[in-house]
Number of protein chains: 2
Amino acid sequence: MASPAVQPPITAPTQCVPRELLESPLFLLGRLGYEVKTEVMDAFEAAGFSAYCYSVLAVLDEGDRETQATIADTLKIDRGQLVGILDELEEHELIERKRDPNDRRRHLVSLTRSGKRQLTGYRRLARRLEDELLGPLGEGERAQLRGLLQRIAGARDTRYVPRP
Amino acid sequence: MASPAVQPPITAPTQCVPRELLESPLFLLGRLGYEVKTEVMDAFEAAGFSAYCYSVLAVLDEGDRETQATIADTLKIDRGQLVGILDELEEHELIERKRDPNDRRRHLVSLTRSGKRQLTGYRRLARRLEDELLGPLGEGERAQLRGLLQRIAGARDTRYVPRP
DNA sequence: TATTGTTATACTCTATAACTATA
DNA sequence: TATAGTTATAGAGTATAACAATA
């Protein structure tokens, strides 16, 4: 005994994220952040290296002769995780690990010549990804976004506050 | 034979994320997005439910009588993942699952009375979290951030474009 | 005993694939 | 055969903990 009135299709023609979620910067930040992160990782992976390689090389390019613990701390990644990344970088001779003669427990990690060159390539890739993912935003808007995110990040953790 | 000149502490006094990463909106978006996501999840978890419960309830509050596939699609989560979330919500009688008499494969999911009430609570929690995590930003700035993120999200996926 | 780097292990979230029941 | 929901499984990515070497 079917109901006499034929029911119209109940599946919504276009599913759309609820307005209250779309209007939550937190929801958008979390969702976009996750998507961005995975896409960036995939892109770097496709280019041949782990996504963290760029970050690590960037750290080494600024501060000289860091120890592994410092690098891991700076990037908020696990020390154990960093080992694998450094292994990869060392295999390709982008970095060098040398025992610290003053404290033989430590490794002094430094950028090699070809590491510096590779860093340039990573920068180009990063720029390309930014253009891709932040495409709809103009220069001024990107700066605006950067400023806002920096404010949030800086308030959460001092290591996100640029040194004077 | 220690070197005569005592080496100053080589560990940088303050580790700081490299400037070039801090100036990349992509890096900040990815990092903050991840942190925000996990913190929000933890907060909801601490409040007793999975973090997705709020999203699901919000969907149900807008569109009526959705099927599970529609909900999963809308929120870009896996159908299999959704099952567990709905189980949890149903256990606490926040939603109801009824077989669609027109197609007995489908479940018509709807919000219960106490589900609607719970949604209000979730909204309060979401507001609190937003205040917490976006604290350093004023009202205008939050709106700015929301607008920018909406632009990015909308360009990537039409389901992030608010319906007119 | 404490710390550095390393290795091994477990856990969380997500993605994929097999299964059932209906169509 | 194809689809909706369910269940089971495997896969990243990350976090925790044990380990050897050095201090």
Side-chain angles (χ1 to χ4, degrees), chain A residues 2 7 9-11 15 30-31 33-46 50-53 55-56 65-73 75-91 95-109, chain B residues 2 7 9-11 15 30-31 33-46 49-53 55-56 65-91 95-109:
Chain A
Q7 212 155 318
I10 46 178
T11 50
Q15 346 83 321
R31 191 132 240 338
Y34 174 75
E35 292 182 7
V36 160
K37 190 181 180 185
T38 58
E39 279 182 42
V40 168
M41 289 185 109
D42 288 351
F44 271 89
E45 212 75 46
S50 145
Y52 286 108
C53 288
S55 310
V56 171
R65 314 176 109 238
E66 314 262 0
T67 73
Q68 296 189 193
T70 316
I71 301 171
D73 261 28
L75 294 173
K76 268 201 192 169
I77 59 181
D78 195 78
R79 290 185 183 189
Q81 212 180 337
L82 182 63
V83 173
I85 300 165
L86 290 179
D87 286 346
E88 202 183 333
L89 288 170
E90 198 175 29
E91 252 176 59
I95 61 146
E96 245 183 8
R97 271 192 275 215
K98 285 188 299 195
R99 286 239 169 258
D100 183 344
N102 293 98
D103 183 343
R104 292 189 40 75
R105 290 172 304 184
R106 296 186 169 185
H107 275 162
L108 297 174
V109 187
Chain B
Q7 209 154 320
I10 46 178
T11 50
Q15 345 82 323
R31 190 128 240 341
Y34 174 74
E35 292 181 7
V36 160
K37 190 179 181 187
T38 57
E39 279 181 41
V40 167
M41 288 184 111
D42 289 350
F44 272 88
E45 214 74 47
F49 297 99
S50 146
Y52 286 108
C53 288
S55 309
V56 171
R65 314 176 106 239
E66 313 263 2
T67 72
Q68 296 189 192
T70 316
I71 300 171
D73 261 27
T74 301
L75 293 172
K76 267 201 194 172
I77 59 181
D78 196 78
R79 291 184 183 191
Q81 211 180 338
L82 181 63
V83 173
I85 301 166
L86 290 179
D87 286 347
E88 202 182 333
L89 287 169
E90 198 175 30
E91 252 176 59
I95 59 146
E96 245 183 9
R97 270 193 274 215
K98 286 189 299 195
R99 286 236 170 260
D100 183 345
N102 294 98
D103 182 343
R104 292 187 40 74
R105 290 173 305 183
R106 296 187 170 185
H107 276 163
L108 298 174
V109 187

### Message
dA8(D), OP1 or OP2 - any side-chain N/O from Arg79(B) closer than 4.0 Å?
### Response
no

### Summary
Which of Val109(B), Ile85(B), Leu108(B), Asp73(B) passes side chain to side chain contact (heavy atoms under 4.5 Å, CB included) with Gln68(B)? It is Val109(B)

Give every pair of a protein N or O atom and an N or O atom of nucleotides 14-17 of chain D that lie under 3.5 Å apart, one pair per line with the distance.
from    : atom 1 : to       : atom 2 : distance (Å)
dT14(D) : OP1    : Lys37(A) : NZ     : 2.4
dT14(D) : OP1    : Tyr52(A) : OH     : 2.9
dT14(D) : OP2    : Tyr52(A) : OH     : 3.1
dT14(D) : OP2    : Gln81(A) : NE2    : 3.1

## Note on the structure
The reported gap from SG in Cys53(B) to CD in Glu88(B) (rounded to nearest 0.5 angstrom) is 4.5 Å

### Message
In this structure, how many angstroms lie between the P atom of dT6(D) and the CD1 atom of Ile85(B), rounded?
### Response
12 Å

### Message
Going by the rule side chain to side chain contact (heavy atoms under 4.5 Å, CB included), which residues pair with Asp87(A) if we only count those two or more places apart in sequence or in a different chain?
### Response
Val83(A), Arg97(A)

### Summary
Footprint ends on DNA chain C, 5' to 3', for atoms under 4.0 angstrom from a heavy atom of chain B, come out as dT14(C) to dA23(C)

### Query
Roughly how far, to the nearest 0.5 Å, is NZ of Lys76(B) from CZ of Arg31(A)?
6.0 Å

#### Entry: Ile77(A) side chain reached by Tyr52(A) side chain, heavy atoms, under 4.5 Å
yes

Grab the N/O contacts between the protein and nucleotides 18-23 of chain D below 3.5 Å, and write none if there aren't any.
from    : atom 1 : to        : atom 2 : distance (Å)
dA23(D) : OP1    : Arg104(A) : N      : 2.9

### Summary
The side chain to side chain contact (heavy atoms under 4.5 Å, CB included) partner of Leu75(B) among Thr70(B), Val56(B), Leu82(B) is Val56(B)

### Task
Taking side chain to side chain contact (heavy atoms under 4.5 Å, CB included) as the test, write out the residues that go with Arg104(B), two or more places apart.
Arg99(B)

### Task
Mark yes or no for whether Arg106(B), through its side chain, and Ala69(B), through its backbone, hold a donor-acceptor pair below 3.5 Å.
no

### Query
Relative to the 5' end of DNA chain D, which residue comes earlier, Asp42(A) or Leu86(B), by the nucleotide with the nearest heavy atom?
Leu86(B)

### Query
Got a second to check how far Glu90(A)'s CD is from His107(A)'s NE2, nearest 0.5 Å?
8.0 Å

### Message
Going by the rule side-chain hydrogen bond (donor to acceptor under 3.5 Å, both in side chains), which residues pair with Asp78(B) if we only count those two or more places apart in sequence or in a different chain?
### Response
none

